[in-house]
Each structure stands twice: as C-alpha cells, then as structure tokens.
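In what follows, a structure is listed as structure tokens, so that the remarks can point back to it.
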Protein chains: 2
Amino acid sequence: MTTVTIIGTGNMGSAIAGVLEKGGSTVQSLDHDSLAAATIEGEIVVLAVPYPALADIAAKFGDQLAGKTVVDITNPLDFSTFDSLVVAADGSAAAELQASLPTSRVLKAFNTNFAATLSSGKVGTETTTVLIAGDDAEAKASLIAAVEAGGLTAVDAGSLSRARELEALGFLQLTLAAGEKIGWTGGFALIR
Amino acid sequence: MTTVTIIGTGNMGSAIAGVLEKGGSTVQSLDHDSLAAATIEGEIVVLAVPYPALADIAAKFGDQLAGKTVVDITNPLDFSTFDSLVVAADGSAAAELQASLPTSRVLKAFNTNFAATLSSGKVGTETTTVLIAGDDAEAKASLIAAVEAGGLTAVDAGSLSRARELEALGFLQLTLAAGEKIGWTGGFALIR
C-alpha cells in the first residue's frame, strides 16, 4: 500500500485524494496552514496547489521532499490573458520544480484532468486517463499503480521533458472550457 | 458548396479528401508532380504534406495561394529523436507558414487527427473532432462547416497562436502511438 501526502485541499486535491483512497492508498491531506506544522508522511507527495505556490513550497520544504516522488499538477497559465503560459517556452513548471528539488523524483500528472473527471472516473462515457511524465521509471510505476487501483487509467507519457506537451494540452483544454467549447466534465479522453 | 484543393495524396490527404467530399465539397487533389502544371482551384487549400515541404510550396506557389485559406496539417517533429519539435519553442509550423504567406489566411487543422480516425469518423466510439486554430474567423467558419458536413465534429480552438498547443498535442499523440500506448485508430477524443 502506498502512502501519499496531498498538499492542497481544493477541488483538485480533494479529487486526487478520492481516487487514491479508493485505490487503497493511505492519504495525508494537508492544507497550507497545517503544512507548516506537519511532517510530510507520503512516499509520494502531490502538490495540488496553483503554479505560483510551487517555488515557496520547494524553498520551505525541500529538505522534507528530498528523495520523495513529488507530483506537479499545475497548469502555469497567464490568467490575466488566458493566452499563454508563464514558464519558459522551452521549459515547463515540472522542469522548474525538478531544478529546485534536485534530489526529488518529480512527476507531471493530473494537469490534463479536470477535477470532476477524476471524481467521476469518466470523461463522458470514457474512463478518465491520467497522463504521467517523469524521468524516474520506478516513481512513475508507483503512481500509475496507485491511480489504476483507484479505477482510472494511467499512462506513462514519457520523460519529464514531455511535461511541456502535457502543460500545452492542459492549457488548450482550459481554453476550450473557458470558451465553452467543452464542459468542465468533458475534455480530452485518451482512446487506446 | 466549397471547393477545396488538397496538395498531397498520402494517407492524410486522401482521408481529408474523403471527409470533405462526403460533406459535398468539390475536391481537387494534387500530388507533387501534378502541382507544378496545375492551377490551384480551391478557395481552401489543404497542404497535406510533411513539414519540410511547406517552405518550398510557399516559395513556389505563394502567388496562387494569396488571398486563399491555407490549411497547415503538419506535425513538425524531429523524427531522428522523436523527442522534440523542429520549430522555435515559442512558434509553430503554422506561424512560420503564415509569415511566409502573409496575404493568405492560414489555419492549423487536422494535425491532431490520425488518418484512420478521419476515414472512420470515429476515435474508438467517439465522433472524431477536428481542432482548428486561426486568426481569420470567416476562414475558420468555412472549414468548420465543410468538416461538419462530412460528419465529423469541428471545433474552433482559438487564434493561430494556439497552433503551438495543437502541435504539442499532435506531437504527444504521435509519441503515445509510437510507444504503443495507443493505436493508430485511437488518440485523443474531445468530449463536450
């Protein structure tokens, strides 16, 4: 059984906690206030926070996150324009996080999933797929197993450099929803 | 009724021709050899060619393409590594094409669709969606109508700057298929 700490108790954090608990993982959920006083227990730590909060968490809790699998779920949009990402064009939020946590095993995951599709397990009538990118095969395999135990499909989307494409996909999907081309219960379903 | 010229008679060109003909468009299909001697008849011109061929077509046929809607379907992958695109990190093949054809109305479309899903009209059991980005609303509306008449769903994915995200999505989908995570009849289905 996997122990997962989820930092962030918003829509996404709650939905991810639900999936992992359903799959038998032990979940420690920490909000911003409780984080300072807590010990991070999980082997896997999901940072279910907005992009701007990543740097502060890495700075303050880097020691506790050393050696752990750290999951970045962010979509680093420029929310003032909804027309670009705020990370370097050839980079990603996940790559930035890996640089700031060099001894953690950073994965990109969940950023292409709307919260409702994690909770329901469905995008329309299709099973929700969690796309996971990262450089550490063991870390990916562990998260894939935890997600699949929770009834979703999880797919290894490649190395951490693919986070750039996952963030582009998350961005595109958000613009389609904001533009009412799709609903927040829809989005991209991956068909085998 | 729309007249469409499709340059390129490979899998993608043939599949796109099939969709548009089914929708009642008049389709002129030209391969590389016949192109030199032909007059491009379509108001919409689909460049169903690999990315490296775009520059040559723009250079040789720019005069004929002036004022027309020109559709870029390419995924500009570095096929030697399958690990990056060959266009600028903050650009896209479509943006390059628009720069080389300043008086054409360039659209990005079909690059997120595998040929088989255009021919069958389905990604798994979901209706195939063609994502279309471009700066000219009228050009987009015309292509959307032609595609939807052919039985597929077509969605306005935003301005031509969104071609960058469509190319990231096309790239990601190709890596998933090449890595046998999905089949060539599958891929990303857009669920409303």
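First the proteins, then the strands, lettered A, B, ... as listed; each starts at 1.
- Between Phe114(B) and Trp184(B), the angle of the ring planes lies from 30° to 60°, which puts this pair in the tilted group.
- In this structure, the portion of Phe171(A) lying under 4.5 Å from any heavy atom of chain B is its side chain and not its backbone.
- Looking at Val45(A) and Val71(A), their side chains never come closer than 4.5 Å, going by heavy atoms from C-beta outward.
- Side-chain contact between Asp83(A) and Ser161(B) is present, with heavy atoms from C-beta onward closer than 4.5 Å.
- Contact annotation for Leu190(A): both backbone and side-chain heavy atoms come within less than 4.5 Å of a heavy atom of chain B.
- When Thr129(B), Val123(B), Asp90(B), Leu85(B) are compared by the number of non-hydrogen pairs under 4.5 Å with chain A, Val123(B) comes out ahead.
- By number of non-hydrogen pairs under 4.5 angstrom with chain A, the leading residue of Gly186(B), Ser84(B), Gly187(B) is Gly187(B).
- Contact count versus chain B (heavy atoms, under 4.5 Å) is highest, among Arg162(A), Glu167(A), Lys181(A), Arg164(A), for Arg162(A).
- Between Val130(B) and Thr153(B), every side-chain heavy-atom pair lies at or beyond the 4.5 Å cut-off.
- Ion pairing between Asp136(A) and Lys140(A) fails under the 4.0 Å rule for side-chain N and carboxylate O.
- Of the residues considered (Gly158(A), Gly124(A), Ala89(A), Ser159(A)), Ala89(A) shows the highest number of contacts with chain B, using heavy-atom pairs under 4.5 Å.
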